[in-house]
Amino acid sequence: AADHQHATGETMASTDALPALSPDLATALAALKDQGNVFFKAGDYLKAAGAYTKAIKAVGEVAANCVELAPVFSNRSASFLKLNKVKQSLSDADACVRLRPDWEKAHFRRGMALEAGNEDNDAVAAYQ
């Protein structure tokens, strides 16, 4: 029974098909994300967005399919929103939703970006 659950578990199925990050890359990704978080908390949203961008670029070609980047896209979306860069914020929120469709925070970010862009009907749908 345990093998069956493992084989059909949603999390395992989605990550098994993706290349795993090397330990070095995972460490670098975490460090850049943490650096971005420090900038964000200090109110330096441009530097925060820059750190999150470095994290995404560090992953390279597989970034669009890297589930580990969902929080980074989410955080960069929030940074862009603080900078009134609504299109970039929405783009990152969409990437976050694509990577982790069951993550409420991804949909929240999308709703916030849509609301900022005066897309109220879409924003309400994103929040639901």
Can you tell me how far apart [atom1] ([X]) and [atom2] ([Y]) are? Round to the nearest 0.5 Å.
X	Y	atom1	atom2	answer
Met112	Leu81	CE	CG	6.0 Å
Glu68	Leu21	CD	CG	4.5 Å
Asn65	Leu99	CG	CG	7.0 Å

* Asked: Applying the side-chain contact (heavy atoms from CB on, under 4.5 Å) test to Ser77, which of Gln88, Lys85, Arg109, Lys82 qualifies?
  ->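 Single side-chain contact (heavy atoms from CB on, under 4.5 Å) partner of Ser77 among Gln88, Lys85, Arg109, Lys82: Arg109.
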* To do: Please lay out, stage by stage, how Ser74 and Lys105 fare under the test side chain to side chain contact (heavy atoms under 4.5 Å, CB included).
  => CA-CA 8 Å; Ser74 174; Lys105 191 171 190 179; 4.0 Å; yes
* So, do Leu69 and Tyr52 sit near enough that their side-chain heavy atoms are less than 4.5 Å apart? ->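 Contact flag for Leu69/Tyr52 side chains = no.
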* Would you mind reporting whether Lys33 and Asn75 have side-chain heavy atoms less than 4.5 Å apart? =>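 Sidechains of Lys33 and Asn75: in contact.
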* Asked: Is there a chain of hydrophobic side chains (I, L, V, M, F, W, Y, each step under 4.5 Å between heavy atoms) that links Leu29 to Val38?
  ->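 No, Leu29 does not connect to Val38 through the hydrophobic network.
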* Asked: Out of curiosity, does Trp103 fall in the hydrophobic cluster containing Val67 (side-chain heavy atoms, cut-off under 4.5 Å, transitive links)?
  ->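 Hydrophobic grouping puts Val67 apart from Trp103.
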* To do: Compute the centroid of each ring, for Phe40 and then for Tyr45, and state whether the two points are separated by less than 6.0 Å.
  =>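 Between Tyr45 and Phe40, which both carry aromatic rings, the centre distance is below 6.0 Å.
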Least distance between heavy atoms, [X] atom then [Y] atom:
X	Y	answer
Phe73	Ala63	CE1-O, 4.1 Å
Ser89	Ala113	OG-CB, 3.6 Å
Ala48	Phe39	N-CB, 3.5 Å
Leu32	Ala58	CD1-CB, 4.4 Å

* Ignoring hydrogens and angles, tell me if any N or O in the side chain of Ser91 forms a donor-acceptor pair with the backbone of Lys87 under 3.5 Å. =>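 Not a single qualifying donor-acceptor pair exists.
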* Measure from the side-chain N and O atoms of His107 to the backbone N and O of Asp102, and report whether any donor-acceptor pair falls under 3.5 Å. =>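 No; judged by distance alone, with no hydrogens or angles, the pair does not exist.
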